Amino acid sequence: MLCSWNNVTGNLKATKKFRALQQEVHQVLCNSPQPGPATFVAYCLYILPIFGSYCEGFSHLIVSAFHRFLKTAATTGDSLEAKIIAVRLFLDIVEGSIDHDERIAVKILEVFDIKLTDIEKVASQSKAKNDRRFHNVKAFLEQYIFGFIESESYMTAVNLLEHFSIRQSGESFLVKMIEKKQFRAAEKWATFMGKPMLSMLVQEYVDRNKLKNAYLIVKNNLQQEFPDVHHKYKESALKKLAEKACWDVAEAKANGDRQLVDYLVYLAMEAGYLEKVDELCNRYSLEGFPKAQEHEAIFLQHCFLNLNELGVEDIIWVDELNGLGKATCHIEGSKVVGLDCEWKPNYVKGSKPNKVSIMQIASDKKVFILDLIKLYNDVPDVLDNCLTHILRSPRILKLGYNFHCDVKQLAQSYGDLECFKCYNMLLDIQNIFEDPRGGLSGLAEKILGAGLNKTRRNSNWEQRPLSQNQLEYAALDAAVLIQIFYRVCDHSHAADALDGHNKIEWKSYIVSHMDNPRKSRKESRLRKEPEPEVKDNEA
């Protein structure tokens, strides 16, 4: 066996090693080892503890191979003798005279089909020899199982209770498993105990707001007893999607159900996404909800940063040659700019992300939003040249947030453009702060006192024209980077509040030069160059 183990080591994955060994053991069993395959396995399990730390792995290997063998073999011819040996082995494991893992003990019961009556028969033979250990076999086994409950090995306890059809444990046992988050064990136990216990489990799940767990049970067994669970679960799923700003997916999940659509409208109102409220109300002919234009401005003014607070005077849409030239001239005259990108989300699992749709470049007073898709189709060479001047300029400090994600996406979307293969003077604001929770919105709230409204981050960025709300959302993401940077440079408040230092040494986080990873299979090359000529008071 050890030779076989060594023969399959090397570069193979662990699962392949196990399958290779399992096949060898299976072949041995097919060759009818004496005194018979089942008896051979039982005796092997008896002696395996001598291998110490290897015992558990070898035991699982042999048991799994035997289980596979039993699926194809009509009969082993020695099952009765093997069962007696297996019962004795199990009792020795219970008594502690044979050291096997608890999971192996359960597997022995299952693979040799050992019932309570089998154990009582073998135990009676022991009593005939004045061995009173197993005077009451069922009570003895219950005590053994209780030990697993005390040690919180709940799945082992449940497997044993179910195997021996012992139904004495009740609701307190169920609650204990739930409190310890042993949900699979709790569900298996409740299923074994029957509908009353399943009903208790569902109610516990509902009370603890574990609606998915409750729904999965109710849909198969208890729809009449819990008619509202399905709807509550659907609402919970919609809420999670709304919190991630996946509004299109949430609407698809609602599937036209009027009650769920109403709830989705409520979530959009709660998030301040009243544009989505109007959209849903118009699409589904809903009445009684407020109009976006009547309420959204007030809502956003009180809850989130707006462009006026950031000093932005103009948002400029760039989708043609002249506009691109003017934008490039303005940006090249800036010392610091904020960069961000948006693309339409793709919710099809395993599919490629959509092409980057827009790129936002913010200066102190203006935000230029470049329609990359149109510019790439109409004037690709000019676009490449303009962005190369901006992104590789050593005189312009480019600010981003988690910008490596944008860099990767830009390279995948426009791989034949040179401008996205190399960057100079990048500062990823995220890297300056140790606590990334809350993303850019959370950071803005900590530094500037208010966050960003992120309800539109997963909207359709390929639609043309973009809505005014989309334009403002995109502009804010780039413009806020500049204001955060200014606060870091000019004010110690941010450092005191977040990091406990008098000053953040932001210059040490500047990447003076970076090649895009897609340009080569090697890792990104980072090489230090002289510090930028951006003084704290100039910033």
Side-chain angles (χ1 to χ4, degrees), residues 14-15 18 41-42 44-64 66-67 83 86-116 118-120 122-123 133-134 136-194 196-198 200-202 204-205 208 210 213-214 216-217:
T15 53
F18 189 86
V41 169
C44 283
L45 291 170
Y46 242 119
I47 67 171
L48 277 177
I50 67 174
F51 289 101
S53 60
Y54 295 100
C55 171
E56 183 179 351
F58 280 132
S59 298
H60 281 291
L61 175 66
I62 290 175
V63 168
S64 65
F66 183 49
H67 185 266
K83 181 177 287 192
V87 170
R88 289 172 180 165
L89 173 59
F90 174 74
L91 292 175
D92 286 338
I93 293 172
V94 172
E95 282 292 282
S97 56
I98 295 291
D99 186 17
H100 263 301
D101 181 81
E102 63 194 48
R103 291 171 296 178
I104 296 300
V106 174
K107 290 295 183 184
I108 289 170
L109 294 173
E110 293 174 350
V111 78
F112 287 97
D113 193 27
I114 298 172
K115 304 299 183 185
L116 183 61
D118 298 317
I119 298 177
E120 288 174 337
V122 173
R133 293 180 301 168
F134 310 116
N136 186 328
V137 172
K138 185 176 180 181
F140 175 78
L141 288 174
E142 288 174 352
Q143 187 63 33
Y144 174 63
I145 296 170
F146 182 75
F148 289 116
I149 296 174
E150 287 289 292
S151 64
E152 300 182 2
S153 297
Y154 294 117
M155 184 56 82
T156 299
V158 167
N159 285 333
L160 290 169
L161 288 167
E162 182 179 13
H163 185 84
F164 292 116
S165 297
I166 298 173
R167 300 175 181 269
Q168 289 188 3
S169 295
E171 184 178 357
S172 61
F173 178 46
L174 184 74
V175 172
K176 192 178 295 185
M177 285 188 282
I178 296 172
E179 289 175 346
K180 296 297 181 179
K181 299 183 178 180
Q182 297 293 312
F183 303 122
R184 285 181 58 247
E187 289 165 15
K188 183 172 179 134
W189 168 246
T191 301
F192 165 66
M193 291 292 287
M197 191 66 73
L198 273 174
M200 290 182 188
L201 177 60
V202 170
E204 285 288 338
Y205 278 154
R208 297 166 192 267
K210 298 191 70 62
N213 300 63
L216 292 175
I217 297 172

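Everything numeric in this text was worked out from a predicted model, so none of it was measured.
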request  = Carefully, step by step, assess Y144 and L91 under the rule side-chain contact (heavy atoms from CB on, under 4.5 Å).
outcome  = CA-CA 11 Å; Y144 174 63; L91 292 175; over 6 Å; no
key: Exercise: do E187 and Y205 side chains pair donor with acceptor under 3.5 Å   = yes
query = Between CZ of R208 and CZ of F183, what distance do you get to the nearest 0.5 Å?
reply = 8.0 Å
inquiry  = With rounding to the nearest 0.5 angstrom, report the CG to CD1 distance, L109 to I119.
reply    = 6.0 Å
key: G170 to W189 - nearest heavy-atom pair and separation   = O-NE1, 4.1 Å
ask   = Going by the angle between their ring planes, with limits at 30° and 60°, are F66 and F112 parallel, tilted or perpendicular?
value = tilted
message = I'd like to check V106 versus H163 (side-chain heavy atoms, cut-off strictly below 4.5 Å). Are they in contact?
response = no
request  = May I ask you to test the N159-K188 pair for a side-chain heavy-atom distance under 4.5 Å?
outcome  = yes
note = Between I114 and V87, the two heavy atoms sitting closest are CG2-CG2, 3.6 Å
Close side-chain approach of E110 and K107, heavy atoms under 4.5 Å = yes
remark   = Between the CZ atom in F146 and the CG atom in L161, the distance rounded to the nearest 0.5 Å is 11.5 Å
key: Shortest non-hydrogen separation from M197 to A190 and the atoms involved   = CG-CA, 3.7 Å
ask   = Would a line drawn from the ring center of Y154 to the ring center of F148 be shorter than 6.0 Å?
value = no
task = Please test I108 against I93 for side-chain contact (heavy atoms from CB on, under 4.5 Å), starting from the C-alpha separation and ending with a verdict.
result = CA-CA 11 Å; I108 289 170; I93 293 172; 3.8 Å; yes
key: Side-chain touch V41/V111, heavy atoms, less than 4.5 angstrom   = no
query = Are there more than 12 heavy atoms of other residues, nucleotides or ligands under 6.0 Å from atom NZ of K115?
reply = yes
request  = Please report the shortest heavy-atom distance between I166 and F192, naming the atom on each side.
outcome  = O-CE2, 3.6 Å
note = When rounded to the nearest 0.5 Å, the distance separating SG of C55 from CG of D99 is 7.0 Å
query = Which atoms form the tightest heavy-atom contact between A42 and L89, and what is the distance?
reply = O-CD2, 4.2 Å
ask   = Any side-chain heavy atom of L198 within less than 4.5 Å of one from T191?
value = yes
inquiry  = What I'd like to find out is whether the side chain of S59 reaches to under 4.5 Å of the side chain of L45, using heavy atoms alone.
reply    = yes
task = Answer whether the closest heavy-atom distance between the side chains of E142 and F164 falls below 4.5 Å.
result = no
E152, CD: over 12 other non-hydrogen atoms inside 6.0 angstrom = yes
CD-CE distance between E204 and M177, expressed to the nearest 0.5 angstrom = 11.0 Å
key: Flag side-chain contact, heavy atom, 4.5 Å: E95 against F140   = yes
request  = Any chance you could measure R184, atom CZ, to Q182, atom CD, to the nearest 0.5 Å?
outcome  = 9.0 Å
Where L61 and S64 come nearest, the two heavy atoms and their spacing = O-OG, 2.8 Å
